[in-house]
Amino acid sequence: MSAGARPGFAMPGGAVAPEPEVTPDDDGAPPLLAPDAVVDLAAERSATGVDDVLAALDAELVGLAPVKARIAEIAALLLVDRTRARFGITTAPPNLHMCFTGGPGTGKTTVALRMAGLLHRMGYLRRGHLVTVTRDDLVGQYVGHTAPKTRDVLKRAMGGVLFIDEAYYLHKAENERDYGSESIEILLQVMENHRDDVVVILAGYAAEMDVFFRSNPGMSSRIAHHITFPAYTADELEQIADRMADQLGYVFAADARPVLRDYLERRMARPRFANARSVRNAVERARLRQARRLVDGADQRVDRDALTTIEAADLLASRVFDPHPGSSEPGERGTAGGGGSGTMLV
């Protein structure tokens, strides 16, 4: 190998360092750097595409500053660890199993997807895909059914991230014959023995996950990163509504904006509120009412503005504004437990 300039490396004072004459390892790994080499972390960061992943998170998710900061910290640690390895500083593979706690609609699945991409770009996962499951995908209904189901899911997840939503339903202490414990035992083995090939992310409400970890200390000890997803504020929900409407080719009329804010504050105070999911459903309902208003209008002639504007009336028709207690939007029922994501509609 002939010596030459290696992009991203610099000698003290700004001079370019020559590439060290080191033979590659037998396993094909990059050659070790000379002890006096200097690595440009900014260039390394750019080469991995970490900033692209973090930028995508900012573009997709409003707020969540603590979550984004923690993801940036994990990315920085992985970048530094990878650079240390190039100097021959060996450490144990990092434990990247995580727990995401928070209410529905706070971006947990989106962050898991971006985390899978981030770990792939950093070289910690060979595929970087996301497999999302619930208890029903892992636990069988009769003897001998759980193990093959769980192993099949893990086989699909290898090389990527396994995201288990409402993970606390894997353990049902009140049922002595529940098969969830069998699935947990298999997960524990794989999380320990194959942590360099699969990352497991458990997700759910904070209180329920605390109970789950107290009942399963082995699982708790294997989780390195606990990340809390805060509920959105009214300002953030309004930004989310604007983004969703814009993605669908709509805008809110000026007189609709205070109505939208009033709607969000009322909806936040009602049961089964699901943050961004409730906002998405509200925007979809407003689209339906807008379409009906245009089709049933006395004047059937419409222009671009009419087709793309959500008026105050399209929001005020919501049953959230109904003065009678107990009324709800059609479809405003969520799941209180069991499988599924626990989506709560508006």
Check: [Y] main-chain N/O paired with [X] side-chain donor or acceptor under 3.5 Å:
X    : Y    : answer
S46  : A42  : no
R280 : M244 : no
D152 : P148 : no
S221 : G218 : yes
D165 : T134 : no
T106 : G103 : yes
Q290 : A306 : yes

Any [X] side-chain heavy atom under 4.5 Å of [Y] side chain:
X    : Y    : result
V161 : H129 : no
I201 : I164 : no
R195 : H97  : yes
L237 : M268 : yes
I71  : L118 : yes
R289 : E311 : no
R135 : D178 : yes
L32  : F87  : no

Using the side-chain hydrogen bond (donor to acceptor under 3.5 Å, both in side chains) criterion, which residues pair with R293? Sequence neighbours excluded. D314
side-chain hydrogen bond (donor to acceptor under 3.5 Å, both in side chains) partners of D51, counting only residues at least two apart: R45
Report the residues that fulfil salt bridge (Lys or Arg N to Asp or Glu O under 4.0 Å) with [X], sequence neighbours left out, ordered by chain and then residue number.
X    : value
D303 : none
D305 : none
R214 : none
D137 : none

When you look at N281 and V283, which way does the side-chain contact (heavy atoms from CB on, under 4.5 Å) test go after all the steps? CA-CA 5 Å; N281 291 327; V283 172; over 6 Å; no
Side-chain H-bond candidate by donor/acceptor type, S183 with T146, under 3.5 Å: no
Check step by step if side-chain contact (heavy atoms from CB on, under 4.5 Å) holds for M209 and C99. CA-CA 9 Å; M209 289 306 302; C99 177; 4.0 Å; yes
Quick one, F212 with L170, criterion side-chain contact (heavy atoms from CB on, under 4.5 Å). Give me CA distance, side-chain angles, the key distance, then yes/no. CA-CA 9 Å; F212 174 77; L170 288 176; 4.3 Å; yes
Which value, rounded to the nearest 0.5 Å, describes the distance between [X] atom [atom1] and [Y] atom [atom2]?
X    : Y    : atom1 : atom2 : result
K108 : L113 : NZ    : CG    : 15.0 Å
T101 : D210 : OG1   : CG    : 7.5 Å
E44  : L41  : CD    : CG    : 7.0 Å

My understanding is that only residues two or more places apart in sequence, or in another chain, count here; which of them pass ring-ring contact (aromatic ring centres under 6.0 Å, His included) with [X]?
X    : value
F229 : F100
H194 : none
F213 : H226

List the steps, then state whether side-chain contact (heavy atoms from CB on, under 4.5 Å) holds for L96 with M115. CA-CA 10 Å; L96 296 170; M115 178 58 71; over 6 Å; no
Would a hydrophobic clustering, with Ile, Leu, Val, Met, Phe, Trp and Tyr connected at side-chain separations under 4.5 Å, put [X] with [Y]?
X    : Y    : result
L248 : Y263 : yes
V143 : I184 : yes
I89  : L77  : no
L264 : L316 : yes

Hydrophobic clusters join Ile, Leu, Val, Met, Phe, Trp and Tyr when side-chain heavy atoms are under 4.5 Å apart, directly or via other members; which others share one with V302? L294, L307
Quick check on Q141: does its CD atom have over 12 non-hydrogen neighbours (other residues, nucleotides or ligands) under 6.0 Å away? no
Verify the neighbour count for atom CZ of R292: are there more than 12 heavy atoms of other residues, nucleotides or ligands below 6.0 Å? no
Could you report the tightest heavy-atom contact between [X] and [Y], atom names first, then the distance?
X    : Y    : result
K149 : V139 : NZ-O, 3.4 Å
R272 : R267 : O-NH2, 3.2 Å
M158 : V198 : SD-CB, 4.0 Å
R82  : Y124 : N-OH, 3.9 Å
A241 : F252 : O-CE1, 3.7 Å
A75  : V50  : CB-CG1, 3.8 Å

For residues 52-64, which side-chain N or O atoms pair as donor and acceptor with protein atoms under 3.5 Å away, sequence neighbours left out?
from	atom 1	to	atom 2	distance (Å)
D52	OD2	R121	NH1	3.4
D58	OD1	K68	NZ	3.0
E60	OE1	R114	NE	3.1
E60	OE2	R114	NE	3.4
E60	OE2	R114	NH2	2.5

Residue pairs fulfilling side-chain hydrogen bond (donor to acceptor under 3.5 Å, both in side chains) with at least one residue in residues 243-262, sequence neighbours excluded: D235-R261, E238-R257, E238-R261, D242-R257, Y250-R287, R261-E265, D262-R266
